[in-house]
Structures are given as structure tokens and as C-alpha cells.
Amino acid sequence: MKDLKSYITIRETTKEEHDNSIKVMEEHLYDQDNGKVGIFWYDIRDKVLFSVIAIDKDSFDKPNVGGGLITCRELHYKVWQKGYNKQKYKLNGKGPFVGDYKDTPRGRVFFNTKTNKFEIKV
């Protein structure tokens with residue numbers, strides 16, 4: 001398989017493409033009011049988040065963690081294990097899953113029902 005970058009073309013958008021993109025984003029602007037909770041890792045080399053699990057906070061009817069917090073049920077080590085194995089056996093070992101899950105910066109997004117604010121813990 002070729003490098004993913006060989007499939008990407010970077011160019012300026014036309015005025016029509018730009019206007020159409022803005023129109024689509026405006027139509028969905030208020031669909032995002034619920035926000036997401038979940039987990040992620042940060043790839044220091046490429047400066048990107050990866051293996052993000054994002055769940056709509058309103059899919060939970062009550063706090064599922066102590067202190068009135070809501071977050072996804074997925075655990076870092078289990079998500080890492082699946083990604084690591086997929087990378088090892090299907091992607092020829094190429095990807096961001098290197099070593100133990102604790103050795104890569106990671107975090108979790110919570111929603112605090114008491115303060116009505118999101119909290120990111122890294």
C-alpha cells in the first residue's frame with residue numbers, strides 16, 4: 001500500500017466550493033451543542049491526536065463516574081491493545097501504537113454535570 005500522503009492533493013478551493021462548504025457547516029452549526037466525552041492519545045512525532053473515542057455526552061442519562069462526571073466506558077489499555085494488534089498484524093507494524101499505552105501521552109474528556117462544563121484530564 002502506498003503512503004497515505006501520496007493520495008492527498010492540496011489546492012486552493014474555488015469560490016463556489018468555499019461557499020458550499022460554509023453553507024454545509026452553517027446548517028450543522030447547532031447540531032454540535034451536546035459535545036463529546038471520551039479518550040485519546042497524542043502522537044508527539046506527528047503532533048496529532050489518534051485513536052480518539054468520542055461519544056455524545058447526552059447519550060448518558062446520568063453520571064457514570066464519581067463526582068458527577070460523565071465519560072465513555074472505553075479503557076485506554078483495551079483500546080490500545082486492539083489498535084496495537086491491528087497495527088502489528090494488518091498494517092505491517094506501521095502506525096502510532098508503539099510500546100506500552102502508558103508511554104504515549106493520553107487523556108480523557110469528561111463532562112461535569114455539577115458545573116455544566118467539560119474537563120480534559122491528561
Side-chain angles (χ1 to χ4, degrees):
M1 182 176 164
K2 288 185 176 180
D3 183 3
L4 183 60
K5 292 179 183 177
S6 65
Y7 294 100
I8 298 172
T9 302
I10 298 174
R11 65 175 178 78
E12 295 284 330
T13 60
T14 65
K15 171 99 170 89
E16 181 181 359
E17 289 170 330
H18 173 79
D19 292 345
N20 287 338
S21 296
I22 295 298
K23 182 180 176 186
V24 168
M25 288 187 284
E26 285 175 342
E27 289 172 0
H28 297 285
L29 180 63
Y30 297 104
D31 294 344
Q32 301 178 42
D33 287 344
N34 291 334
K36 309 277 189 239
V37 295
I39 63 173
F40 60 89
W41 280 269
Y42 181 70
D43 186 328
I44 296 171
R45 294 167 301 186
D46 293 334
K47 297 182 171 87
V48 295
L49 297 179
F50 71 95
S51 201
V52 175
I53 305 287
I55 310 291
D56 188 319
K57 75 165 177 66
D58 287 345
S59 64
F60 301 94
D61 56 355
K62 63 182 181 178
N64 59 354
V65 188
L69 301 176
I70 294 173
T71 192
C72 71
R73 292 179 174 92
E74 285 76 10
L75 300 173
H76 278 95
Y77 82 93
K78 287 189 176 187
V79 174
W80 184 271
Q81 188 176 41
K82 287 179 187 176
Y84 183 87
N85 287 333
K86 180 180 179 182
Q87 178 179 298
K88 182 176 180 180
Y89 297 111
K90 294 184 178 180
L91 302 175
N92 297 322
K94 296 181 181 171
F97 297 94
V98 178
D100 190 76
Y101 81 99
K102 293 182 268 181
D103 297 333
T104 300
R106 66 191 187 284
R108 182 175 290 271
V109 179
F110 297 88
F111 180 74
N112 188 323
T113 59
K114 294 176 181 176
T115 63
N116 205 32
K117 293 183 180 181
F118 287 92
E119 298 177 4
I120 302 172
K121 301 187 182 195
V122 184

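Numbering starts at 1 and runs along the sequence shown.
Using the six-membered ring where Trp is involved, Trp41 and Trp80 have ring planes that are tilted, between 30° and 60° apart.
Using a cut-off of 4.0 Å between Lys/Arg side-chain N and Asp/Glu carboxylate O, Glu17 and Arg11 are scored as salt-bridged. Taking the charged nitrogens against the carboxylate oxygens, Lys23 and Asp19 have no contact shorter than 4.0 Å, which rules out a salt bridge.
For CG of Asn92, the number of neighbouring non-hydrogen atoms (other residues, nucleotides, ligands) closer than 6.0 Å is 12 at most.
Note: Ser51 OG to Arg106 CZ = 13.0 Å, rounded to the nearest 0.5 Å. Distance check, rounded to the nearest 0.5 Å: CD1 of Ile22 to CD of Glu27 gives 11.5 Å. Atoms NZ and OH, from Lys82 and Tyr77 in turn, are 10.5 Å apart once rounded to the nearest 0.5 Å.
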List the steps, then state whether side-chain contact (heavy atoms from CB on, under 4.5 Å) holds for Lys36 with Asp56. CA-CA 4 Å; Lys36 309 277 189 239; Asp56 188 319; 4.2 Å; yes
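With hydrogens and angles ignored, the 3.5 Å screen pairs a side-chain donor or acceptor of Asn64 with a backbone N or O of Thr71. Side-chain atoms of Thr113 come within 3.5 Å of backbone atoms of Gly68 as a donor-acceptor pair (strictly under, hydrogens ignored).
Hydrophobic cluster membership differs between Ile39 and Val48, with clusters built from Ile, Leu, Val, Met, Phe, Trp and Tyr side chains linked at under 4.5 angstrom. Note: the hydrophobic cluster containing Val98 does not contain Phe50 (ILVMFWY, side chain heavy atoms under 4.5 Å, direct or indirect links). Ile120 and Phe118 end up in the same hydrophobic cluster when Ile, Leu, Val, Met, Phe, Trp and Tyr side chains are linked at under 4.5 Å. Cluster annotation: Leu49 is connected to Ile53 through the hydrophobic network of ILVMFWY side chains, with a link wherever side-chain heavy atoms come within less than 4.5 Å. In the hydrophobic clustering of this structure, Val122 does not group with Val65; members are Ile, Leu, Val, Met, Phe, Trp, Tyr whose side-chain heavy atoms approach within less than 4.5 Å, directly or through other members.
Judged by the 6.0 Å distance and 45° axis criteria, Lys88 is not positioned over the aromatic ring of Phe97.
Here the closest heavy-atom approach between residue Asn112 and residue Gly67 is recorded as OD1-O, 4.3 Å. Of all heavy-atom pairs between Ile70 and Pro63, the closest is CG1-CA, 3.7 Å.
Two residues are said to be in side-chain contact when any heavy atoms from C-beta on lie closer than 4.5 Å; Cys72 and Arg108 meet this criterion. Inter-residue side-chain proximity for Ile55 and Phe60 is flagged as met; some heavy-atom pair is nearer than 4.5 Å.
Tested against Phe111 for a side-chain contact (heavy atoms from CB on, under 4.5 Å), the candidates Asn116, Asp58, Leu69 yield a single pass: Asn116.
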